[in-house]
2 protein chains.
Amino acid sequence: MNAYTTDDAIACLRKAGVPVTQQRIEIARVLFSAPVHMSADQIWATVKATAPDVSRATVYNTLRLFTEKHLVRELFVDPQRIVYDSTTTPHFHLYNMDTGEVRDLAADEIEVIGAPRLPAGVELEEVDVIVRVRNRSA
Amino acid sequence: MNAYTTDDAIACLRKAGVPVTQQRIEIARVLFSAPVHMSADQIWATVKATAPDVSRATVYNTLRLFTEKHLVRELFVDPQRIVYDSTTTPHFHLYNMDTGEVRDLAADEIEVIGAPRLPAGVELEEVDVIVRVRNRSA
DNA sequence: GTACTTGCAAATTGTTTGCAGACAC
DNA sequence: GTGTCTGCAAACAATTTGCAAGTAC
């Protein structure tokens with residue numbers, strides 16, 4: 001899912017069934033050049049560095065679209081902001097409550113065992129694990 | 001931590017080091033009469049049923065205070081609203097994305113194994129597990 | 001009596017929406 | 001050409017804050 005070049009970004013969008021536009025390419029390049037965890041406003045700021053006239057609304061709308069198409073995953077680590085994770089394979093997170101930083105956990109660091117008894121008529125969507133940490137000694 | 005009566009609520013607040021007021025008693029009774037998962041506005045609506053002139057701001061401020069004193073736990077299941085959990089012992093959650101309902105998971109349903117390698121200078125605060133489900137067949 | 005709380009309404013913040021013009025195909 | 005996308009600014013909803021009046025002890 002890495003897309004360093006514009007062509008990679010275009011391929012990635014096409015594969016996901018997302019109509020290609022200039023703005024979406026810019027946003028895809030920010031997200032998929034490397035695994036990142038960014039808030040919508042951070043993404044907007046980064047995109048503006050290379051494409052100054054992308055509007056905030058477009059970034060928000062595009063992120064919603066990308067989420068629906070499973071190109072990114074929304075993380076609710078903090079009620080103040082949604083963090084977008086460009087890695088969509090199942091994995092867990094470490095969240096520093098003081099710095100706001102989000103880090104992926106390696107698969108061997110933590111493991112979830114067992115499956116909950118689901119009520120009838122519902123199906124599992126995903127399992128979210130967030131390990132919250134603080135800087136030592138406040 | 002159950003507090004069905006006013007006296008129980010007062011004792012609970014005193015024990016937590018929270019100065020007792022009429023409004024806090026009402027809010028405590030809503031939260032601690034039984035294990036609940038409620039949003040701030042749901043709590044406000046419930047409190048108003050028996051104490052009509054408690055303001056929304058007081059409910060929000062009190063919930064923040066209760067959180068600091070570890071009388072309740074904040075759950076970030078959905079970016080739109082904070083859900084308050086009146087059970088503060090460690091446990092995990094099942095969240096129905098369609099209905100918004102939150103349910104506690106029993107300790108034998110799911111288990112987390114292993115501990116992440118923490119960066120130097122940080123300490124573990126808590127581990128949050130949220131199992132997200134959807135109603136079958138959209 | 002004093003300090004802390006409350007209620008109200010206004011402010012704040014992250015996110016969404018409506019609409020006219022612009023772009024992809 | 002046609003339908004979708006974008007930008008702008010206004011709308012929104014959940015939460016917070018400032019300040020004068022009320023309450024617990």
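So you know, we letter chains A, B, ... as the sequences are listed, proteins then strands, and number each from 1.
The separation between Glu26(B) atom CD and dT5(C) atom P is 17 Å, rounded to whole Å. Taking atom CG of residue Asp41(A) and atom P of nucleotide dT15(C), one finds them 7 Å apart after rounding to whole Å. One can place CH2 of Trp44(A) at 15 Å from P of dT16(C), the figure rounded to the nearest angstrom. As rounded to whole Å, 11 Å separates atom P of dT16(D) from atom CG of Asp78(A). Whole-Å rounding puts the Arg81(A) CZ to dA14(D) P distance at 20 Å. Distance CD (Gln80(B)) to C1' (dT15(C)): 8 Å, rounded to an integer number of Å. Atom CG in Leu13(A) sits roughly 15 Å away from atom C1' in dT4(D) (whole-Å rounding). Between the CG atom of Leu63(A) and the C1' atom of dG14(C) there is a distance of 13 Å, rounded to whole Å.
Contact check, Gln23(A) against dT6(D): a side-chain N or O comes under 4.0 Å of OP1 or OP2. The shortest distance between the side-chain N/O atoms of Arg24(B) and the OP1/OP2 oxygens of dT5(C) is below 4.0 Å. The side chain of Thr21(B) contributes no N or O atom lying less than 4.0 Å from OP1 or OP2 of dC4(C).
Within residues 51-62 of chain B, the residues approaching DNA chain C are Asp53(B), Val54(B), Ser55(B), Ala57(B), Thr58(B), by heavy-atom distance under 4.0 Å.
In summary, the side chains of Arg73(B) and Thr67(B) do not present any donor paired with an acceptor at a separation below 3.5 Å, with no hydrogens or angles considered.
Considering only the side chain of Arg14(B), dC25(D) comes nearest among dT5(C), dT15(D), dC25(D). Of the candidate nucleotides dT16(C), dG14(C), dC5(D), dC5(D) has the atom nearest to the side chain of Pro19(A).
A salt bridge is defined here as a Lys NZ or Arg NE, NH1 or NH2 lying under 4.0 Å from an Asp or Glu carboxylate O, and Arg134(B) with Glu123(A) fails to meet this definition. Under a 4.0 Å N-O distance rule, the pair Asp53(B)/Lys48(B) does not qualify as a salt bridge.
Ring planes of His91(A) and His37(A): tilted class, angle from 30 to 60°.
Residue-level contact check: Gln22(A) touches neither bases nor backbone, having no heavy atom under 4.0 Å from any strand.
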* Going through the distances and angles, do Asp128(B) and Arg132(A) end up as a salt bridge (charged side-chain N to carboxylate O under 4.0 Å, His left out)? -> CA-CA 8 Å; Asp128(B) 244 42; Arg132(A) 285 169 211 281; 3.4 Å; yes
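By the 4.5 Å heavy-atom criterion applied to side chains, Leu118(A) and Leu94(B) are counted as neighbours.
The backbone N or O of Ala106(B) lies less than 3.5 Å from a partner atom in the side chain of Glu109(B), making a donor-acceptor pair.
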